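Counting starts at 1 for both ligands and their atoms, in listed order. As a basis for the values below, the full set of heavy atoms in this structure was taken, side chains included, without hydrogen atoms, waters or symmetry mates. In this text the structure is predicted, and so the values were computed from the model without any measurement.
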Amino acid sequence: MIKVITYGTFDLFHQGHYNILKRAKELGDYLIVGVTGDIYDLERGKLNVRDSLLTRIENVRKTGLADKIIVEEYMGQKISDVVKYDVDILVVGSDWYGKFDYLNRYCNVVYLERTKNISSTQLREQQKIYNIGIISDAMDDGSIVLESKYVSGIHVESVFMEDEIRAEKFSEAYELASSTNKLEEFFKDLDIVYVRTNLEDRYEYSRLALENGKHVICENPSTLSSDKMKDLLDLASEKELLFIDNVTLAYLRALPQLTWLLNRELIGTLLKVHCSVSVEYTNQYGMVDHLTNSILVLLRILGNNYNDIKMNPVFNKENELIYNQITFIYDNRIGIIEIGCSPGTRNHMEIQGTNGRVDVPDEWWNMGYFKALEGDSSKLKRYSFNFEGTGMRYLLHESLLMIMQGSEESKKLQPEEVYNIVRIQEGILKKLNEDYTHEKI
Ligand code: CTP
């Protein structure tokens, strides 16, 4: 019996897919079809898939051509599939010519001519494209232009800047379709506005965008005032629009996994979560603005029921804030955020439990890896979650899904969480600006 295997995403199933399955089947007696899994697609940064895995499998099944359907879950799986199923021929479209020659050691690799003039990409392009406009005051796009290219269905179209000449330069640098310094004109053809100005202007611009019926993605922190944050969240909800705070960490796979594992007592009962962040010298506003990820992690892992927050700021001779330790006190556990601009402060996150420890090294907010030492340190477990680019594409992807499905609230970062984080930041800032007595925030 000749066994044939072929792989694909098979999104928006089309004639090209049918043809390659048919021709693959004709090469042997038994056809195995590998359909790419959602997590595999996420990990390799393919965020344009429209159909769910179940739909894609069902569409392959309905052709009646596949004798067996498997899910392709990780890079390198092809070799083990070929060996495991004792495959004779691996078939793939000519767009992959040469790419699978390394499998010739295990089976015969056959590249078949693609069907002309049809692809999932082409079909996706016929669907609605959501236009994004950037409101900025600096020549930096926050990587949204590049990151958006990996998410089909959205396109960064234009930029608004108060200075018309700079807007034009920005638009040229990032190859956007248009630039303007007139807000009315800017809002006209947009679905989503990305606010990337100085902190002081983010609230006003976000509000204007929402009032004009646009979904908003705002650089974090959107504001350090809880009243203003509430106002934005309420307005968005009232108008059934999205207001997304750009906290990439919340959109990566690692954080929910870590939280889940800790809740399942991976390292026993939790004792301490310690987040350290090293920053360039800044003022107290800058320091507080760097606290978002740490507060998010503490609240996610330890919960909202802290009894008190205490603070130990350290100033240099010029009376500049150079270091701060903020302690969240819970019953039987603590959360510590250490933030400083001395070379001695390193980026690191450590979680201690009664039966071990979790380490998230270096820039832990770009969370792609962590390790757990259970019991005695001989029991080491490593967890890794690849993500591509800056991670922003995952936030864009999630935003697009919510817009298309008509959901106002992010599943990944709830409005209450955003509000709570700002409320804590506001309290810390207030204390820093007033006095340093350890009063409850
Ligand atoms: N295929 C084909 N002819 C087409 C499109 C796809 O023969 N017109 C083949 C591919 O070469 C691959 C398989 O079908 O071997 C699954 O392809 P997949 O990547 O799922 O489909 P595409 O339409 O190429 O998707 P995309 O546009 O997202 O790359």
Value rounded to 0.5 Å, distance of CZ in Arg202 from CG in Leu224 = 9.0 Å
of all protein heavy atoms, closest to atom 19 (O) of ligand 1 is Thr9 N, 4.4 Å
Nearest protein heavy-atom contact for atom 15 (O) of ligand 1: which residue, which atom, what distance?
-> Gly93 N, 3.0 Å
Considering only the protein, which heavy-atom contact is closest to atom 25 (O) of ligand 1, and what is its distance?
-> Ser120 OG, 3.3 Å
Which residue and non-hydrogen atom of the protein lie closest to atom 27 (O) of ligand 1, and at what distance in Å?
-> Thr121 OG1, 2.4 Å
When you look for heavy atoms under 4.0 Å from ligand 1, do you find them on the side chain of Ile20, its backbone, both, or neither?
-> side chain
Looking at Ser119, which atoms of ligand 1 are within less than 4.0 Å of one of its heavy atoms?
-> 23 (O), 27 (O)
Any donor-acceptor N or O pair under 3.5 Å, side chains Thr345, Ser276 = no
Any N or O of Thr115 closer than 3.5 Å to N or O of ligand 1 | yes
Nearest-option assignment for atom 10 (C) of ligand 1, heavy atoms, candidates Glu125, Arg114, Gln122 | Arg114
Less than 4.0 Å between a side-chain N and a carboxylate O, is that true for Lys188 and Glu185?
-> no
List every atom of ligand 1 that sits less than 4.0 Å from any heavy atom of Lys46, numbering the atoms from 1 in the order shown and giving each element.
-> 28 (O)
Check: Ser94 N/O within less than 3.5 Å of ligand 1 N/O = no
Decide whether an N or O pair under 3.5 Å exists between Phe10 and ligand 1.
-> yes
Derivation and outcome, side chain to side chain donor-acceptor pair (under 3.5 Å), residues Asp141 and Tyr194 | CA-CA 10 Å; Asp141 77 323; Tyr194 174 41; over 6 Å; no
Is it true that Glu113 and Arg23 have a side-chain N and a carboxylate O under 4.0 angstrom from each other?
-> no
Any side-chain donor paired with an acceptor under 3.5 Å for Gln425 and Thr292?
-> yes
Sub-4.0 Å heavy-atom approach of Lys116 to ligand 1 = no
Heavy atom of Gln15, distance to ligand 1 below 4.0 Å | no
Considering distance alone, does some N or O of Asp95 sit under 3.5 Å from an N or O of ligand 1?
-> yes
Quick one: look up the protein heavy atom nearest atom 21 (O) of ligand 1 and list residue, atom name and how far away it is.
-> His17 NE2, 2.9 Å
Does any N or O atom in Asp11 lie less than 3.5 angstrom from one in ligand 1, N or O only?
-> no
Is there any N or O on Glu113 that sits under 3.5 Å from an N or O of ligand 1?
-> no
Hey, are Arg114 and Asp95 close enough for a salt bridge, meaning a charged N less than 4.0 Å from a carboxylate O?
-> yes
Would you call Lys3 and Asp86 a salt bridge, taking side-chain N to carboxylate O under 4.0 Å as the test?
-> no
Per-atom filter on ligand 1: closer than 4.0 angstrom to a heavy atom of Arg124 are 28 (O)
With a cut-off of under 6.0 Å to the ring centre and 45° to the axis, is Arg253 in cation-pi contact with Phe385?
-> no
In a table with atom names and distances, give each donor-acceptor pair under 3.5 Å that connects a side chain of residues 236-247 to protein atoms at least two apart or in another chain.
residue: Lys239; atom: NZ; partner: Glu211; partner atom: O; Å: 3.4
residue: Asp245; atom: OD1; partner: Ser222; partner atom: OG; Å: 2.6
residue: Asp245; atom: OD2; partner: Asn220; partner atom: ND2; Å: 2.9
residue: Asn246; atom: ND2; partner: Glu219; partner atom: OE1; Å: 3.1

Is any NZ, NE, NH1 or NH2 atom of the basic residue among Asp137 and Arg166 found under 4.0 Å from an Asp or Glu carboxylate oxygen of the other?
-> no
Does Ile118 reach ligand 1 with a nitrogen or oxygen that is under 3.5 Å from one of the ligand's nitrogen or oxygen atoms?
-> yes
Please tabulate, one pair per line, all N/O donor-acceptor pairs under 3.5 Å involving side-chain atoms of residues 155-162, not counting sequence neighbours.
residue: His155; atom: ND1; partner: Glu157; partner atom: OE1; Å: 2.9
residue: Glu162; atom: OE2; partner: Tyr205; partner atom: OH; Å: 2.4

